[in-house]
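Reminder, nothing fancy here: chain letters follow the sequence lines and each chain counts from 1. As the structure is a prediction and not an experimental result, all values here were calculated from the model.
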Amino acid sequence: MTRLVLIDGSSYLYRAFHALPPLSNAAGEPTGALFGVVNMLRGHLKEQPEHIAFVVDAPGPTFRDEMYPDYKANRPPMPDELRAQVAPMLDVVSALGIPILREPGVEADDVIGTLAVRAAEQGMQVTISTGDKDFAQLVRPGIALVNTMSGSRLDSEEAVRAKFGVRPAQIVDYLALMGDSIDNVPGVEKCGPKTAAKWLDEYGSLDAVMAQAEAMKGKLGENLRAALPRLPLNRQLVTIKTDVPLDVAPEDLALRPRDVDALRALYTRYGFNQALKELDAGASAAAAPAPVATAASVAAQTDPALAAPGEYETVLTQAQLDAWIARLQAAAEFAFDSETDSLDPLRANLVGLSFSVEPGRACYIPLAHVYPDAPAQLDRAAVLEALRPLLEDPAKHKLGQHGKYDLHVLCRHGIQVRGYADDTMLESFVLEAGLARHDMDSLARRHLGYTTIKYEDVAGKGARQIPFSQVAIDAATRYAAEDADITLRLHRVLRPKLEAEPALLAVYRDIEMPLVPVLARIEDNGVMIDVEELRRQSADLSRRMLALQQRATALAGRSFNLDSPKQLGALLFDELKLPARVKTPGGAPSTNEEALEAIADLHELPRVILDYRSLAKLRSTYTDKLPEMVNPDTGRVHTSYHQAGAATGRLSSSDPNLQNIPVRTEEGRRIRAAFIAPPGRRIVSFDYSQIELRIMAHLSQDPALLRAFAQGADIHRATAAEVLGKPLEAVTSEERRAAKAINFGLIYGMGAFGLARQLGIDRGQAQDYIALYFSRYPGVRDYMERTRAQAREQGYVETVFGRRLALEYIHSRNAAQRAGAERAAINAPMQGTAADIIKRAMVAVDAWLEDQRTAAGAPRALMILQVHDELVFEADADFVPELQAKVPALMAGVADLRVPLLVEGGVGANWDEAH
DNA sequence: AAGGACTCATA
DNA sequence: GTATGAGTCCTTT
């Protein structure tokens with residue numbers, strides 16, 4: 001049977017460009033994408049197909065652009081380095097004897113579709129070679145799909161079903177539902193591959209799903225209904241035509257003899273040594289070995305000395321380990337990753353390590369896989385000792401993705417990693433805060449066009465998940481070695497992007513990277529809590545909750561679940577007919593605090609519920625939970641700080657979250673009092689006073705605001721005096737409260753509506769307040785307007801230190817989304833600058849504390865918590881005076897603003913006393 | 001079991 | 001009105 005290979009040229013060019021490192025030849029011409037495409041072609045030619053074609057888009061609009069003007073509007077123009085490779089690519093294709101097809105007015109996809117169907121009808125065996133999953137709609141007897149970059153092959157309806165969960169005939173419906181952000185075709189919001197497949201499985205077709213739209217429940221149903229009008233168009237856009245008029249027929253696409261001289265010239269020019277060698281060696285032999293375009297062949301090409309069989313190597317012998325250690329020693333930098341049996345780095349046991357020294361080459365060293373018939377593995381302690389010199393050498397640069405985790409794990413196994421120089425998560429965070437997620441799967445897809453193996457794919461999920469130590473070693477190698485490989489490849493893509501932006505590079509190099517070991521130390525230090533005290537509080541809260549519950553039952557005349565907003569809503573608003581004044585975002589009558597306060601005068605029950613809720617929250621979130629979080633090894637609670645968690649640059653804290661421990665109420669402060677220092681030590685806390693308002697003064701340069709801070713005034717009182725035009729001492733407490741609300745509101749980008757709600761006044765009055773404020777502080781008004789304008793013009797705003805936050809929705813057609821983005825734009829420079837400042841302070845204070853260790857090496861104070869504008873320490877009692885003398889100066893000294901930074905401190909036996 | 005909705009703790 | 005994380009309920013695999 002004769003074979004026809006149809007190659008989706010544009011798809012490969014783009015994918016190779018993004019997947020491969022930016023290679024260039026001796027003359028500096030970019031060659032990465034070209035190299036990938038050439039290897040892919042050589043792979044296909046090795047199969048010696050009788051017919052083949054390389055299909056690319058012709059310039060000019062196609063019918064899809066006419067159907068939908070925004071089609072592919074999200075596509076950035078082709079990068080220059082890629083554009084430069086198009087002509088050489090076509091030269092190589094042509095010299096290889098492969099016919100090139102570019103049909104004006106028709107997309108390459110449709111040319112491929114039409115030829116594939118015709119050829120299959122004629123009995124040819126068709127292979128479509130593409131990286132584009134849309135082609136799965138064409139799979140049928142006689143038509144198969146291959147992606148040489150991922151190595152996947154879809155050659156039957158079953159294979160398509162296995163991969164997508166739908167039949168080939170349903171692929172267009174499936175794509176229509178999901179949409180395609182690359183082509184700017186919006187689908188159903190929140191409907192991904194799973195939901196689309198689920199619906200199609202359930203209803204059969206897009207038409208049937210649309211017919212059911214009214215009956216669909218929940219947010220997803222709402223999203224579906226919103227998307228209804230555009231779904232038929234989506235389906236047309238994603239449908240590959242199989243009937244476009246073509247002058248060319250499948251049988252015209254015979255593979256021609258290659259032009260050896262032309263190829264030699266091209267390969268020489270672009271430095272494709274491997275291909276050149278093979279060309280000359282096999283000029284007579286037709287079937288010379290030709291690697292397909294995998295990342296491994298890049299390694300072979302760029303550094304033949306390291307060309308070893310296989311991309312990822314499982315290290316099970318001493319000889320293999322020695323060889324890899326030699327590679328690591330020789331490399332300028334290497335990527336590493338650790339595999340463990342727990343997500344909690346302070347409880348995790350090391351199961352294996354992976355390393356990569358060049359893109360496409362990586363190893364996995366299994367160390368503690370335990371399952372029936374598991375192969376013998378190298379001794380963990382011995383491997384760690386062998387690696388220790390490398391890992392602890394500050395001059396040996398190491399890369400990771402979220403390496404803080406690996407630092408913890410290795411620390412627990414006695415290795416103090418030094419020279420942790422780069423982290424791809426943080427590179428991405430600094431480059432693209434607000435635009436993208438920063439986990440490796442997302443980064444690989446975004447920057448490499450590469451889909452990583454998911455943890456669930458090797459370890460399962462939910463109740464059936466197995467620990468990594470029980471994952472079969474070959475699967476573990478594919479997963480773990482890939483992590484190191486992808487980390488290295490990501491770094492090679494992200495680092496140049498950072499280098500191109502000096503301000504961002506400085507944020508990354510001077511703030512984020514130095515913070516990594518500091519955060520690791522804080523997490524490792526943990527905090528001591530008084531478990532007995534919390535248990536007493538839990539018992540006390542339980543008693544009081546029970547009493548309130550009984551009172552509530554009596555008031556309601558029946559029992560109900562006080563924790564259920566739904567039952568409570570039915571009781572209050574349906575049975576008792578109390579007015580529902582507040583709505584939830586979902587449109588239901590809200591039972592939140594504001595709603596209950598609003599009806600507390602009409603009935604006794606709302607107050608009882610409010611009291612019950614405040615106690616229930618304290619018990620379930622804090623007094624019950626914190627004792628469970630004590631690490632049995634250390635007897636302390638170790639939170640986890642997320643460095644790339646908040647787009648503004650703030651840290652976030654989880655497991656447990658120690659950044660939301662109560663402080664406002666007396667009840668809450670009792671919980672703070674359970675954060676204690678051990679005997680002989682004290683809790684010492686320092687916080688920046690009004691840091692965000694000070695930053696607003698700095699950024700706006702408003703004279704009145706600058707003056708108030710320079711004079712050390714009570715800023716809210718000063719605001720009230722300024723706005724009302726009266727002396728400071730004449731400001732009433734009510735006036736001060738209003739001024740404080742305005743000051744905070746400004747930081748959050750508020751409008752009159754929000755201020756009115758906050759102060760319980762009407763909107764016009766709130767508007768008057770704001771107008772009056774801006775008349776006294778015109779610099780602030782101008783700054784707010786400048787910031788909005790910057791956000792609109794550039795799509796991002798910046799902190800004082802140059803950190804950027806992108807505002808994805810700043811040009812949204814949805815007015816509410818756009819307004820939200822504007823408020824975020826106002827807030828981000830202030831919140832973000834404050835975050836930059838405290839991060840710098842943490843690095844400075846940590847360095848000083850390291851200097852202050854005793855002769856025996858014991859720390860005299862530990863940094864134990866960061867709460868956005870506050871740093872908390874546990875210090876030897878006799879070290880407290882030194883700490884109090886030094887830390888405020890360090891904290892205040894890390895930024896040079898137009899206003900002084902004021903740091904206030906406190907000390908006590910527990911956090912409540914110190915705060 | 002997983003995920004959305006709701007509520008509420010912090011700066 | 002900014003930025004988070006987490007507990008509970010409850011519906012839907």
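Residues passing the ring pair (Phe, Tyr, Trp, His ring centres under 6.0 Å) test with A/Y612: none are found, sequence neighbours excluded.
If you check C/dC9, C/dT2, B/dA9 against the side chain of A/N561, the one that comes closest is C/dC9. Counting only heavy atoms from C-beta on, A/V867 has its side chain closest to B/dA11 among C/dT4, C/dT2, B/dA11. Here the side chain of A/R757 is nearest to one of C/dG7, C/dC9, C/dG1, namely C/dG1. Taking the side chain of A/H868 as heavy atoms from C-beta on, and the options B/dT7, C/dG1, B/dA11, the nearest nucleotide is B/dA11.
Between A/V684 and A/V887 the shortest side-chain heavy-atom distance does not fall below 4.5 Å.
Across all strands, A/Q758 comes closer than 4.0 Å to base atoms (heavy-atom distances). Within 4.0 Å (heavy atoms only), A/Q567 reaches sugar-phosphate atoms of the nucleic acid but no base atom. At a threshold of 4.0 angstrom between heavy atoms, the contacts of A/N660 include nucleobase atoms, whether or not backbone atoms are also involved. Nucleic acid contact for A/G462: sugar-phosphate only, since backbone atoms but no base atoms lie under 4.0 Å from a heavy atom of the residue. Across all strands shown, A/R613 has heavy atoms under 4.0 Å from sugar-phosphate atoms exclusively, and none from any base. At a threshold of 4.0 angstrom between heavy atoms, the contacts of A/F744 with the nucleic acid are absent. Contacts of A/A834 with the nucleic acid, taken as non-hydrogen atoms under 4.0 Å apart, are absent. Across all strands shown, A/I826 has no heavy atoms under 4.0 Å from either base or sugar-phosphate atoms.
When each of A/R757, A/K583, A/R581 is checked for a salt bridge (charged side-chain N to carboxylate O under 4.0 Å, His left out) with A/E594, only A/R757 meets the rule.
Of the inter-residue distances, the one linking A/S442 atom OG with A/E432 atom CD reads 11.0 Å to the nearest 0.5 angstrom.
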Under 3.5 Å, sequence neighbours excluded: what are the donor-acceptor pairs made by side chains of residues 829-841 of chain A?
unit_1	atom_1	unit_2	atom_2	d
A/Q831	OE1	A/T648	OG1	2.6
A/Q831	NE2	A/N827	OD1	3.0
A/T833	OG1	A/V800	N	3.1
A/T833	OG1	A/P829	O	2.5
A/D836	OD1	A/R803	NE	2.8
A/D836	OD1	A/R803	NH2	2.9
A/D836	OD2	A/T799	OG1	2.6
A/K839	NZ	A/E512	OE1	3.2
A/K839	NZ	A/E512	OE2	2.8
A/K839	NZ	A/G649	O	2.7
A/R840	NE	A/V894	O	3.1

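Proximity of A/N657 to the phosphate of B/dA9: no side-chain N or O atom is located under 4.0 Å from OP1 or OP2. Within the 4.0 Å cut-off from OP1 or OP2 of B/dT7, at least one side-chain nitrogen or oxygen of A/S590 is found. Between A/K566 and C/dT11 there is a side-chain polar atom (N or O) within less than 4.0 angstrom of OP1 or OP2. Checking the phosphate oxygens (OP1, OP2) of C/dT4, no side-chain nitrogen or oxygen of A/R650 falls inside 4.0 Å. Between A/Q866 and the phosphate of B/dA11, there is no side-chain N or O to OP1/OP2 separation shorter than 4.0 Å. Dashed line: the shortest gap from a side-chain N or O of A/T584 to OP1 or OP2 of B/dA5 is not under 4.0 Å. The phosphate of B/dT10 has neither OP1 nor OP2 within less than 4.0 Å of any side-chain N or O from A/R672. For B/dT7, the OP1/OP2 oxygens have a side-chain nitrogen or oxygen of A/T591 closer than 4.0 Å. For the OP1/OP2 pair of C/dG5 and a distance below 4.0 Å, the side-chain nitrogens and oxygens of A/S652 include at least one atom meeting the criterion. Dashed line: the shortest gap from a side-chain N or O of A/S653 to OP1 or OP2 of C/dG5 is not under 4.0 Å.
Regarding A/D655, its CG atom lies at a distance of 9 Å from the P atom of C/dG7, rounded to whole Å. One atom, CD1 of A/I837, and another, P of C/dA3, lie 19 Å apart when rounded to the nearest Å.
Contact annotation: side chain of A/Q659 to base of C/dT4, donor-acceptor pair absent below 3.5 Å.
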For A/I522 and A/T639, run side chain to side chain contact (heavy atoms under 4.5 Å, CB included): C-alpha distance rounded to whole Å, both residues' side-chain angles, the deciding distance at 0.1 Å, then the answer. CA-CA 9 Å; A/I522 298 174; A/T639 184; 5.9 Å; no

